[in-house]
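Given the structure is predicted, the values throughout are model-derived calculations rather than measurements. Position 1 is the first residue of the sequence; numbering continues from there.
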Amino acid sequence: MVSRVLVPMEDSEMSKRALEYALEVYPNAEITVLHVVGEPSQMWGYATGLALADDLEQAAAEHAKPIFDRAREIVADADGDAELETHIELGNPARAIINRANDYETVVIGTHSGSVADLVFVGNVAEKVVRSSPVPVVVVR
């Protein structure tokens with residue numbers, strides 16, 4: 001029986017589906033929603049704005065708040081006894097997920113199918129996690 005599940009989540013429909021799937025398949029598990037804020041660079045859009053913030057950790061927490069609020073709503077709407085934790089990481093999304101996966105029995109991650117940009121920026125993260133995770137990974141579409 002799986003008792004600890006990691007669900008990486010960002011503001012996407014696939015992330016929402018991944019959390020819903022985790023709640024359905026592992027209704028009694030402790031679920032951690034992980035939001036990774038990319039390191040500031042010119043390629044990462046909003047993350048560049050975080051670099052200008054006086055307090056990077058506070059800015060990341062403010063960015064993650066709506067995502068975690070959405071996750072709590074999904075959990076509240078689901079049946080079961082799932083416990084929800086939330087955690088924020090700064091850095092490379094795939095690397096942060098893989099590093100944190102050591103503390104869990106499985107990872108449930110959403111992926112995108114559609115545009116080339118979806119594949120490059122989001123599907124690529126799921127692919128890297130599948131290839132390098134120390135624990136089993138479920139990819140939800």
Please list, one pair per line, the donor and acceptor atoms closer than 3.5 Å that link side chains of residues 16-26 to other protein atoms, with sequence neighbours excluded.
| unit_1 | atom_1 | unit_2 | atom_2 | d |
| --- | --- | --- | --- | --- |
| Lys16 | NZ | Glu20 | OE2 | 3.3 |

Would Leu34 and Val7 count as a side chain to side chain contact (heavy atoms under 4.5 Å, CB included) if you check the C-alpha gap in whole Å, the side-chain angles of each, and the deciding distance to 0.1 Å?
CA-CA 6 Å; Leu34 172 66; Val7 181; over 6 Å; no
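- For the atom pair CD of Glu127 and CD1 of Ile109, the computed distance is 11.0 Å after rounding to the nearest 0.5 Å.
- Atom-to-atom distance recorded for Ile31:CD1 and Glu85:CD is 11.0 Å, nearest 0.5 angstrom.
- Contact check for Val108 versus Met9: no side-chain heavy atoms found under the 4.5 Å cut-off.
- Nearest approach of Asp11 to Ile67, heavy atoms of both residues: N-CD1, 4.0 Å.
- Between Thr86 and His35, every side-chain heavy-atom pair lies at or beyond the 4.5 Å cut-off.
- Side-chain atoms of Thr106 come within 3.5 Å of backbone N or O of Pro136 as a donor-acceptor pair.
- At a threshold of 4.5 Å between non-hydrogen side-chain atoms, the residues Val107 and Val5 do not count as touching.
- The NZ atom of Lys65 lies 7.5 Å from the CZ atom of Arg72; values are rounded to the nearest 0.5 Å.
- The CG atom of Leu6 sits 9.5 Å away from the NE2 atom of His87 when rounded to the nearest 0.5 Å.
- Nearest approach of Ala60 to Leu90, heavy atoms of both residues: CB-CD2, 3.7 Å.
- Atom OG of Ser133 sits about 15.0 Å away from atom NZ of Lys128, to the nearest 0.5 Å.
- The shortest side-chain heavy-atom distance between Val37 and Ile88 falls under the 4.5 Å cut-off.
- Judged by distance alone, the side chain of Arg4 and the main-chain N or O of Asp103 form a donor-acceptor pair under 3.5 Å.
- Side chains of Glu105 and Ser3 form a contact here, defined as non-hydrogen atoms less than 4.5 Å apart.
- Between the CG atom in Leu84 and the CD1 atom in Ile74 there is a gap of 9.5 Å [rounded to 0.5 Å].
- Qualifying side chain to side chain donor-acceptor pair (under 3.5 Å) partners for Glu62, counting only residues two or more places apart in sequence or in other chains: Gln58.
- Side-chain atoms of Val36 and Pro8, non-hydrogen and from C-beta on, never get closer than 4.5 Å to each other.
- Residues Ile98 and Ser132 share a closest heavy-atom pair of CD1-CB, 3.5 Å.
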